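Structure first, commentary second.
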Amino acid sequence: MVLVEQLCWRLTLPVHAVGCVKLGFGRWALGIGLWFCASDAQAHTPTSVMCELLAKNPGWEDALRAASVKWKVNPGAILAVIDYESRFRADAKGQGGREEKALGNYGFTQANLRTWNWFLRDTKRAGGSRSDFGLAVDFVGWHFATMERRIKSPRHNVANHYLAYKLGEGGYQRGASAHSRQLAYRIEARAKSHDLALRSCGFGAQTPDTEQASMP
């Protein structure tokens, strides 16, 4: 899968566009211009190109660093959430979010409009687009910091905070399914990998302790 992701990256194709779909057999198949995989998870952006991703997009590195320092959330965790939610697509359309003004999930963070407006009010902003990367990284940091108080879990516990992000505060309190918890563990692992990759290329954000606490 990494080779596929690297190929798409080098060709400047969005990884989500390579057509990763669930087949009825556990093998890889190659079609004309399409890769198919026996997985229900979309292809993620490979950690090995995370530094290149930031370098290719002016302003992203500074925005990520600022959000990480402001909210005391590791940059790898912020990137891991955005990667899984939208594959870094500014106009990613989720459930009920077919356009910027829609109530449903939209943009880098796949935030719904209600939660996005809560974020804007809480950070004293008059407005802002869900397609703005600077606001997106700030949103993820804000969400971790806000939920730390509400779900009583430290913000460096990426798995717990991704569950709260994905299920909402009420869904988190009611309890997550085994599938959701396994997904959260994978997000946490990728956050650690992203942090290591960023350090290797001299990202240099002044981040909190990178030790991740596992879920109870």
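Computed from a predicted structure; not experimentally measured.
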What salt bridge (Lys or Arg N to Asp or Glu O under 4.0 Å) pairs are there with at least one residue in residues 165-175, not counting sequence neighbours? Glu85-Lys166, Arg150-Glu169

Restricting to pairs with a member in residues 109-121, which pass salt bridge (Lys or Arg N to Asp or Glu O under 4.0 Å), not counting sequence neighbours? none

Could you report the tightest heavy-atom contact between [X] and [Y], atom names first, then the distance?
X      : Y      : value
Gly107 : Ser86  : O-CB, 3.5 Å
Pro58  : Lys56  : CD-O, 3.5 Å
Ser180 : Leu167 : OG-CD2, 4.3 Å

Which distance, rounded to the nearest 0.5 Å, do you find between the [atom1] of [X] and the [atom2] of [Y]?
X      : Y      : atom1 : atom2 : result
Ile82  : Gln110 : CD1   : CD    : 11.0 Å
Tyr185 : Leu163 : OH    : CG    : 8.5 Å
Thr109 : Ile78  : OG1   : CD1   : 12.0 Å
Lys192 : Leu196 : NZ    : CG    : 9.5 Å
Tyr84  : Arg186 : OH    : CZ    : 6.5 Å

Output all residues satisfying ring-ring contact (aromatic ring centres under 6.0 Å, His included) with Phe144, sequence neighbours left out; order by chain, then residue number. His161

Please enumerate all residues that pass ring-ring contact (aromatic ring centres under 6.0 Å, His included) together with Phe133, with sequence neighbours excluded. Trp60, Phe108

Is there a side-chain contact between [X] and [Y] (heavy atoms, below 4.5 Å)?
X      : Y      : answer
Leu198 : Leu79  : yes
Asn157 : Glu188 : yes
Leu64  : Glu61  : no
Asn57  : Phe88  : no
Arg130 : Leu113 : yes
His194 : Asp83  : yes
Val73  : Val140 : no

Side-chain (Trp71) to main-chain (Thr146) donor-acceptor, under 3.5 angstrom: no

Can you name the residues that form a salt bridge (charged side-chain N to carboxylate O under 4.0 Å, His left out) with Asp62, not counting sequence neighbours? Arg65

For residues Thr115 and Asn112, is any side-chain donor paired with an opposing acceptor at under 3.5 Å? yes

Mind telling me whether Phe139 and Trp142 have parallel, tilted or perpendicular rings, with 30° and 60° as the class edges? tilted

For residues 50-85, pull every pair meeting disulfide (SG to SG under 2.5 Å), keeping only residues two or more places apart or in separate chains. Cys51-Cys201

